[in-house]
There are 2 protein chains.
Amino acid sequence: MPGMVKLGQMERERMSEKRTRRGGEGRIGIRDVARDAGVSVATVSRTLAGDGYPVSDEARRKVLESVKKLNFVPNDLARGLTQSRTNTVGVIVPNLVNLYYARVVIGVEEIAAQNGISIIFCNTNHNIAKREQDINLLLQKRVDGIIICGSGTDYESGSGRLANGNAPFVVLGRNERLDYPSVHADNFRAGYRATQHLVDLGHRQFLFLGGPEKWPDGSDRIAGFKACLAENDIEFQQDMLLFGDFAEENAYQRVLHLGRNFPATAVLAGNDRIALGGMAAVVDLGLRIPDDVAFVGFDNIATSHYLRPSLTTMDMPARLIGAEGMRVLLRIIAGETVASRTVFEADLLVRQSSGGTRLQA
Amino acid sequence: MPGMVKLGQMERERMSEKRTRRGGEGRIGIRDVARDAGVSVATVSRTLAGDGYPVSDEARRKVLESVKKLNFVPNDLARGLTQSRTNTVGVIVPNLVNLYYARVVIGVEEIAAQNGISIIFCNTNHNIAKREQDINLLLQKRVDGIIICGSGTDYESGSGRLANGNAPFVVLGRNERLDYPSVHADNFRAGYRATQHLVDLGHRQFLFLGGPEKWPDGSDRIAGFKACLAENDIEFQQDMLLFGDFAEENAYQRVLHLGRNFPATAVLAGNDRIALGGMAAVVDLGLRIPDDVAFVGFDNIATSHYLRPSLTTMDMPARLIGAEGMRVLLRIIAGETVASRTVFEADLLVRQSSGGTRLQA
DNA sequence: TTGTAAGCGTTATCAC
DNA sequence: GTGATAACGCTTACAA
């Protein structure tokens, strides 16, 4: 009876090969290393784990040799599955074209790399739906934690997975709620100091070229701006404030619209990109910087130092924020308690666009 | 005998709970969903997989209901383990502060997101050792493929994992070898055209402010530059060529060093960041752009349009390269054959820094 | 110090 | 259409 014979063959194959799914030649695994080194899989695992577990030098040597010989690459998926830890965190960024966020990411990556953890990167393009989707993906991938860049609102909305405690997370940027940890700059003080700098230079007619209206970081800067005006007995007028988006072009158009008969002698821009667009427009209107109009920005992106005139700006410590955010996340993952809020000060960098030395001269 | 009683209890617990390792309340899995929905795990899996496998509407409904009710989040680690596919690719970038790479990454991310695949991001800071390490990490994470940004050399060096075929990969940038797929711009032609533009404007005294000496993209641009000079009977002199790094400051210093008695009327910069630094130095030397010195850059980073004078530059299609790179990688993963090389043309954007309209006026 | 074997949470195979 | 159950490749009790 051929049927029975065949069954017997299959049985024997199964016994010896212990592989049913993939024909025979699967990727090389820990078992292969163990066999080659003449030790058990446990010993291989322990050797490679590198924690303090005792392994004889002899065994270790043989294992390492086989690993190299067979070109063994451990499978982190299987590792993650058993350890319920992936050494991976997700980073969600609104927009990488903004050098500010690029710097934040670099800070994050730096600390992550130092701690042997990888980064899954998501770009949302300021799209809240994409962000929800990204969070889902990250949770499915069982990241150890998530870093959300950009001040935004209601992370608990929609899926609510984060606020539900499904994964530890840190917000990099100002946010309204206090019940999850965040790292950001003191935007209020930054706004205040930038304004004070211009006031000290004798300016009375201001324009704040803002970003989006509901942008917490920006709102704080504006609040600082207003507070400083009040402090100096300068009345705030609604038309001193123009909202827009984050990009150069929009700022350029807004400023061009104001025309040569410019309503202010000093412009504060919501960030450096906005400043860049605004300055270009001012130049194109035939006005001089800083003589006719002074500019101050926020962020200190790499290019602002090399503009001519160079851009006076608040040096928002993006990289530092990214790095600290990652450190905080690591602490949370380790089970430590962390400050619900970490705030960094921003330095004022006086450069040509504000003519910072005009009065002193 | 209390000992035996205790043992009996444990046994029973094990039988009912079927969980030995983690006390009891593990994360909710597909089994829990199956139980709650009153179907088998197979049915749950099939429902969630969403491929064409037949599942009765009734079962599907119950499953979906339980999924939502229990807030089930599938575990991609386990998925990846059985499917030997992770829907994740690694992206290795030399430096995110360079907006060029930021744009490339955005292009990659865009196509990736459209295809439901995630990106593990690595920043090497132009450090070759870090890159090797990153590749190791990515292979351990069993990414479906790897995208390496930045033209560099010998990816097969060191570990040799990539060239060994351990994972499909695509290089985004020019490289010497032809035996793996790459996507990049036609840097030679870009260099040629940029130069021709300046020649057409009447320039004869050139300076090429290059990046690092062994930077394939840059070398090609320089080759195009030289070819164009030859074509126009302008003799190339070694001192027309200055190497450096990718950043603004270095370029600034190099140009400042040349002094007011500037050796050229036209400068080609290896990229826009270099141009930015160079232009700042020229201005600081008291020279006018473009009247005394004309500038042309490469990349068309966002800021170059808003400089005053704005920067004439070759519009290297970074985003497009990123997007196409991702598409190529997806094709490789799908088992299709792909072109070993995909090359994009760059457009010349004439702006103020070259005084592009000077002759026509 | 070492080995054995039971998971980890899925998918895929095979039988019904 | 549906359900058991054996992989997937590793870690980690537990036993030796």
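The figures that follow rest on heavy atoms only: side chains count, while hydrogens, waters and symmetry mates do not. Residue numbering restarts at 1 for every chain, and letters A, B, ... go by the order of the sequence lines.
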Phosphate OP1/OP2 of C:dT11 contacted by B:Arg79 side-chain N/O (<4.0 Å): yes
Side-chain heavy-atom pair B:Ser40, B:Thr43 within 4.5 angstrom cut-off: yes
Gap between atoms NZ and P, on B:Lys62 and D:dG1 respectively (whole Å): 15 Å
side-chain contact (heavy atoms from CB on, under 4.5 Å) evaluation trace for B:Arg142 with A:Arg27: CA-CA 11 Å; B:Arg142 295 295 190 268; A:Arg27 199 180 177 117; 3.5 Å; yes
Sugar-phosphate only, base, or nothing, as touched by A:Ala59 at under 4.0 Å among non-hydrogen atoms: sugar-phosphate
Length of the CG-P vector between B:Leu48 and D:dT2, whole Å: 15 Å
Value in whole Å for how far the P atom of C:dG9 lies from NZ of A:Lys141: 18 Å
Atom pair distance, as rounded to whole Å: CG in B:Asn75 and P in C:dT11: 10 Å
Donor-acceptor pair (no angle test) under 3.5 Å: A:Arg46 side chain, C:dG3 base: yes
Nearest-angstrom distance from the residue atom CD of A:Gln140 to C1' of C:dG9: 13 Å
Below 4.0 Å: OP1/OP2 of D:dT11 and any side-chain N or O of A:Ser45: yes
Test log, rule salt bridge (Lys or Arg N to Asp or Glu O under 4.0 Å), inputs A:Asp76 and A:Arg79: CA-CA 5 Å; A:Asp76 276 354; A:Arg79 273 230 258 255; 3.4 Å; yes
Polar side-chain contact B:Tyr53-D:dT2 base: donor and acceptor under 3.5 Å: yes
Length of the CZ-P vector between B:Arg27 and C:dC8, whole Å: 15 Å
Residue mapping more 5' on DNA chain D - nearest nucleotide basis, B:Arg142 or B:Ala42: B:Ala42
Minimum side-chain heavy-atom gap B:Thr86-A:Leu77 below 4.5 Å: yes
Sugar-phosphate, base or nothing in reach of A:Ser56, heavy atoms under 4.0 Å: sugar-phosphate
Atom-to-atom span, CG of A:Asp76 to C1' of D:dC8 - whole angstrom: 15 Å
d(CD1, B:Ile30; P, C:dA12) in whole Å: 11 Å
Comparing A:Glu58 and A:Val41 on DNA chain C - which has the more 5′ nearest nucleotide: A:Glu58
Nucleotide nearest B:Thr82 when distance is taken to its side chain, options C:dA12, D:dC10, C:dT10: C:dT10
No-hydrogen, no-angle side-chain donor-acceptor test under 3.5 Å, A:Lys141 and B:Ser118: yes
Any B:Ser84 side-chain nitrogen or oxygen under 4.0 Å from OP1 or OP2 of D:dC8: no
Given D:dG3, C:dT1, D:dC8, the nucleotide with the shortest approach to the side chain of A:Arg31: D:dC8
Closest to the B:Gln83 side chain, choosing from D:dC10, C:dT11, C:dC8: C:dT11
